[in-house]
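A short worksheet on the structure shown next.
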Amino acid sequence: AVVMATGACSASNGATAPSGAPAATERSGGSAGTPGAAGIGDPDFPRDGNGGYDVAHYGLRLGYDPSSRTLDGTATVKAAATQDLSLFHLDLHGFTVRAVTVDGAAATFTRDGDELVVTPAEPIAKGTSFTVAVEYGGKPDPVRNSSNLGTYGFIPTKDGAFVTAEPNGAKTWFPCNDHPADKATFDFDVTVPAGLTVIANGEMTRPPATSGDKSTFTWRESHPMTTYLATITLGKFQVRTGKSTRGIPVYAATDPAYSHQLDSLFATSAKVTDYWSTVFGPYPFSSTGGVIDDFSAGYALENQTKPMYGGFAPDQSIIAHELAHQWFGDSVSITRWKDLWLNEGFATYAEWLWAERNGGASADQTFEGYNGADRSEMWGYPPGEARRDDLFHNSVYTRGAMTLHVLRRRIGDDKFFELLRTWTRTYAHSNATTPQFIAMAEKVGGKPVKDLFDAWLFSPTHPTIVR
Ligand code: ARG
Ligand code: ZN
């Protein structure tokens, strides 16, 4: 049955153990499990993500028809239960859900706002791996003009779709545990009208296949990825592939309106990826690249392996920023949104490093320029506590970068860059928090740093500590 009503999810659904349930000894106390929580536990985004399981892999087999703006298909989610589960949630915004199975058996489901609540035929025991298949379809409804985030999610364009989902727009195109704390690998199998190109994360597993008037593209991201970095941006594109000087495969694509930018996008993305590999540690993924689409998003997004630029020709600085995110944000991911400076402060600092390296202002000059200016909007917003109502505030970017510069002055260049590489190595393909960064800064730097972080990350005033 298709249930589109927004009635409250009924926790009692899972209370009765079906007769075929495993023996009581296999499940703590023989209970039939308890409902998985509707949120993963991020205090600022209480409904984002879900509790009670950990996703290992998403398999997305989808078709998109730009003329009817319809997305259709099956999402297969492989997960492991972290508690005995009577039922669990997935995040999904809109669409008609046609069927849900768990380990091949029909499951019942209800919709509750952006929660898809699934009750498997049998409870799932803690520690068990299970596979959920969701058949769904409809017109994607991206998050539009949200107060400070603009439009994000699966965004239909003239010739296809621009798919960039930070912070929580993955649910606008597939059912998921939509929070960066739960990373997973991805397979994409996407069919579109012939003549269009589908650009997803990772690498193509085989050449696109055209049959009749349809083409199918298969991509795989074999490194864990947060849901907001997943993409299937599609449309008319010119593509250039090759390798960087250091041998990293590069995939660059431009909407026809930006075709004159294709070669520079390719070359700069290759050059920047190579350079950051010498500064931040080995490149964490199997390919790099970039995509320029003609949708004016007003921002770029660091989609894993392929940053996307929404309706503008990126300069070197933005490319340097988005590719720095491959280490800071994509490989080492945040655990909660208030730590967003771990992404944006670091990527902004990378812009300063890139400018210095290429004959522009030194990082020190850039720091002094901001520190000497009237920047009350930054001084009032402590970047170590990114605010839900203004997540991407300039303070999270610029004052976050200033924090790193003050740290660099304190512990010196050698220790500072050793710290960045220790950070990317220790938490590669994983998640981390601000307290973990502070602890590592103190250990690797060999100096007390608490005063510095208190002032720069957590005080709503202009810090006086500058080294
Ligand atoms: N992480 C992106 C960047 O700094 C910004 C994403 C903004 N997202 C949004 N929905 N406006 O490059
Ligand atoms: Zn950024």
Side-chain angles (χ1 to χ4, degrees), residues 44-45 48 93 140-155 161-173 178-180 201 225-231 233 265 268-269 272-273 276 280 288-293 295-334 336-355 378 381 383 386-404:
D44 295 311
F45 295 85
D48 284 9
H93 176 76
D141 175 30
V143 184
R144 281 174 219 274
N145 300 319
S146 97
S147 54
N148 65 326
L149 299 171
T151 299
Y152 62 97
F154 190 104
I155 306 164
F162 183 64
V163 185
T164 50
E166 193 181 21
N168 52 11
K171 67 178 176 204
T172 70
W173 65 282
D178 200 5
H179 190 279
N201 313 87
M225 176 163 74
T226 72
T227 49
Y228 74 79
L229 295 168
T231 188
T233 287
L265 176 68
T268 305
S269 302
V272 169
T273 306
W276 289 152
F280 301 143
T288 185
V291 179
I292 310 175
D293 203 352
F295 174 78
S296 297
Y299 59 84
L301 188 69
E302 61 268 24
N303 286 343
Q304 191 155 309
T305 68
K306 290 175 195 70
M308 300 206 167
Y309 307 93
F312 64 94
D315 59 15
Q316 295 214 351
S317 180
I318 294 189
I319 294 173
H321 176 115
E322 303 308 332
L323 288 171
H325 273 309
Q326 303 304 307
W327 285 260
F328 306 105
D330 294 11
S331 173
V332 182
S333 301
I334 55 176
R336 48 193 195 194
W337 283 107
K338 72 172 177 173
D339 290 345
L340 186 61
W341 84 283
L342 292 173
N343 296 4
E344 301 305 345
F346 286 58
T348 302
Y349 197 65
E351 291 179 47
W352 300 8
L353 296 174
W354 184 260
M378 280 203 309
Y381 184 130
R387 293 202 316 241
R388 143 182 64 185
D389 60 337
D390 206 355
L391 210 47
F392 296 96
H393 189 281
N394 182 39
S395 176
V396 175
Y397 287 69
T398 302
R399 191 170 154 184
M402 294 175 81
T403 306
L404 289 174

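Atoms within a ligand are numbered from 1 in the order they appear, just like the ligands themselves.
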Original post:
Closest non-hydrogen protein atom to atom 5 (C) of ligand 1, residue and atom name please, with distance?
Top reply: Tyr397 OH, 3.5 Å
Subject >> Nearest non-hydrogen protein atom, atom 12 (O) of ligand 1 >> reply: Glu322 OE2, 2.7 Å
**OP:** Report the angle formed at the Zn ion (ligand 2) by atom OE1 of Glu344 and atom NE2 of His321, rounding to the nearest 10°.
**Re:** 110°
Which of the numbered atoms in ligand 1 are below 4.0 angstrom from a heavy atom of [X]?
{"X": "Tyr152", "value": "10 (N)"}
{"X": "Glu302", "value": "1 (N), 2 (C), 3 (C), 12 (O)"}
{"X": "Glu344", "value": "1 (N), 2 (C), 3 (C), 4 (O)"}
{"X": "Leu301", "value": "1 (N), 2 (C), 6 (C)"}

Measure the acute angle between the ring planes of [X] and [Y], then classify it against the limits of 30° and 60° as parallel, tilted or perpendicular.
{"X": "His179", "Y": "Trp337", "value": "perpendicular"}
{"X": "Trp354", "Y": "Trp276", "value": "perpendicular"}
{"X": "Phe280", "Y": "Trp327", "value": "perpendicular"}

Original post:
Are side-chain heavy atoms of Tyr349 and Thr403 found at a separation under 4.5 Å?
Top reply: no
Original post:
Looking at the Zn ion (ligand 2), is one of the N, O or S atoms of Glu322 less than 2.8 Å from it?
Top reply: no
**OP:** Just do the side chain to side chain donor-acceptor pair (under 3.5 Å) check on Thr227 and Asp178 with the steps written out, would you?
**Re:** CA-CA 6 Å; Thr227 49; Asp178 200 5; 2.7 Å; yes
Original post:
With only distance considered, is Pro167 within less than 3.5 Å of ligand 1 through an N or O on each side?
Top reply: no
Subject >> From Tyr152, Tyr299, Tyr309, residue fulfilling side-chain hydrogen bond (donor to acceptor under 3.5 Å, both in side chains) relative to Thr164 >> reply: Tyr299
Original post:
Out of curiosity, Asn148 CG to His393 NE2, how far, rounded to the nearest 0.5 Å?
Top reply: 10.0 Å
Original post:
Any luck finding a side-chain donor-acceptor pair between His325 and Gln304 under 3.5 Å?
Top reply: no
**OP:** Determine, using heavy atoms of Gly150 and all atoms of ligand 1, whether some pair is separated by less than 4.0 Å.
**Re:** no
Original post:
Given Asn148, Thr151, Leu149, which has its nearest heavy atom closest to atom 9 (C) of ligand 1?
Top reply: Leu149
Subject >> For atom 1 (N) of ligand 1, the option (of Glu166, His321, Met308, His325) bearing the nearest heavy atom >> reply: Glu166
Subject >> Shortest-distance N, O or S atom of His325 relative to the Zn ion (ligand 2) >> reply: NE2
Original post:
When the ring centroid of Phe346 is compared with that of Trp341, is the distance short of 6.0 Å?
Top reply: yes
